[in-house]
Amino acid sequence: MFNPGLPSVYYFRLKELLKKLFMAQADGSYRKLISKLKGCDLLILDDWGLEPLNAQQRSDLLEIIDARYEFKSTMITSQLPVASWYEMIGESTHADAILDRLVHSAIKIELKGESMRKRLNKLTDADHVS
């Protein structure tokens with residue numbers, strides 16, 4: 001339920017968002033989706049950098065990041081080091097523009113150690129009992 005007093009937050013795996021944008025272009029709802037993404041208080045993009053981007057994906061991503069830049073918060077989660085993001089984005093003009101907007105004034109939190117999923121999978125059934 002929408003509560004006007006609370007901040008709006010959208011969570012997407014990057015691949016899922018890019019697929020939604022592709023489908024929105026096909027069905028005519030692209031501008032509406034971009035507007036929704038532009039206006040939410042926090043956009044969380046998970047699994048950033050699992051695959052290289054194609055030309056349309058770079059363009060869509062730039063449109064979203066540019067619209068939100070300096071107005072709304074965007075959180076990126078990735079196992080890919082920031083130094084490798086340029087290569088993942090691909091074409092240099094888009095990569096420069098996207099990364100300039102993302103990294104400028106960003107707060108970077110780098111976690112070290114084993115993934116929680118890996119740690120939890122090592123537990124036995126007895127370890128899961130409260």
Side-chain angles (χ1 to χ4, degrees):
M1 176 183 292
F2 176 73
N3 184 336
L6 296 176
S8 56
V9 178
Y10 292 117
Y11 167 91
F12 293 96
R13 290 182 60 239
L14 181 60
K15 186 175 183 174
E16 172 192 337
L17 176 60
L18 295 172
K19 186 176 179 181
K20 277 188 179 292
L21 290 164
F22 178 79
M23 297 304 288
Q25 291 229 4
D27 71 15
S29 63
Y30 183 80
R31 293 271 38 108
K32 183 177 178 181
L33 179 56
I34 290 291
S35 179
K36 199 173 179 181
L37 295 169
K38 177 183 175 181
C40 71
D41 295 306
L42 174 61
L43 176 62
I44 302 170
L45 300 177
D46 193 10
D47 288 339
W48 174 275
L50 293 181
E51 304 172 352
L53 303 178
N54 65 37
Q56 184 60 52
Q57 291 169 332
R58 284 190 292 270
S59 181
D60 290 343
L61 193 55
L62 177 58
E63 183 163 1
I64 293 165
I65 299 302
D66 185 56
R68 298 180 57 75
Y69 177 63
E70 292 190 332
F71 295 105
K72 301 290 182 175
S73 298
T74 304
M75 178 186 289
I76 307 290
T77 66
S78 179
Q79 293 184 27
L80 187 67
V82 174
S84 301
W85 289 9
Y86 192 91
E87 185 179 333
M88 180 276 295
I89 293 169
E91 188 268 324
S92 63
T93 303
H94 280 90
D96 286 339
I98 291 167
L99 292 176
D100 181 56
R101 287 158 179 79
L102 282 177
V103 176
H104 179 254
S105 300
I107 297 171
K108 181 181 168 189
I109 300 171
E110 192 170 328
L111 303 177
K112 304 247 185 241
E114 198 170 30
S115 133
M116 285 303 290
R117 289 183 188 115
K118 286 181 182 177
R119 287 162 112 194
L120 291 174
N121 284 335
K122 289 180 183 176
L123 300 177
T124 66
D125 289 338
D127 293 326
H128 289 283
V129 176
S130 303

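FYI, the numbering just counts along the sequence from 1.
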#### Entry: Between NZ on residue K36 and CD1 on residue I64, distance to nearest 0.5 Å
12.5 Å
### Task
Find the distance between OG1 (T74) and CD1 (I65) and round it off to the nearest 0.5 Å.
5.0 Å
### Query
For F22, does the CZ atom sit with more than 12 other heavy atoms under 6.0 Å from it, leaving out its own atoms?
no
### Task
Please answer whether the main-chain N or O of L80 pairs with a side-chain N or O of W48 as donor and acceptor at a distance below 3.5 Å.
no
### Query
About how many Å separate CD1 of I34 and CZ of R68, when rounded to the nearest 0.5 Å?
11.0 Å
### Query
Does L42 belong to the same Ile/Leu/Val/Met/Phe/Trp/Tyr cluster as Y10, with side-chain heavy atoms less than 4.5 Å apart forming each link?
no
### Query
How many angstroms lie between NZ in K72 and SG in C40, if you round to the nearest 0.5 Å?
8.0 Å
### Summary
So NZ of K20 and CG of L33: to nearest 0.5 Å the spacing works out to 7.5 Å
### Message
For L102 versus A106, what's the shortest heavy-atom pair and its separation?
### Response
O-CB, 3.3 Å
### Message
Treating E87 as the side-chain partner and S84 as the backbone partner, does any N or O pair qualify as donor plus acceptor under 3.5 Å?
### Response
no
### Message
Quick one about D60 and Y30 (side-chain donor to acceptor, distance below 3.5 Å, no hydrogens or angles considered), yes or no?
### Response
yes
#### Entry: Nearest heavy-atom neighbours spanning N54 and Q56
OD1-N, 3.0 Å
### Query
Do I44 and L21 share a hydrophobic cluster, counting only Ile, Leu, Val, Met, Phe, Trp and Tyr and linking them when any side-chain heavy atoms are less than 4.5 Å apart?
no
### Single-linkage hydrophobic cluster F12~L50, side-chain heavy atoms < 4.5 angstrom
no
#### Entry: Qualifying residue for side-chain contact (heavy atoms from CB on, under 4.5 Å) with D46, from T77, L14, L17
T77
### Query
Counting only heavy atoms not in M88, do more than 12 fall under 6.0 Å of its CE?
yes
### Task
Specify the closest pair of heavy atoms between G39 and S8, including all atoms of both residues, with the distance to one decimal.
O-OG, 4.2 Å
### Message
Could you report the tightest heavy-atom contact between A97 and L62, atom names first, then the distance?
### Response
CB-CD1, 3.7 Å
### Query
R58 and L53: which non-hydrogen atoms are nearest, and at how many Å?
NH1-O, 2.8 Å
### Spacing of CG belonging to D41 relative to CG belonging to L6, to within rounding of 0.5 Å
10.0 Å
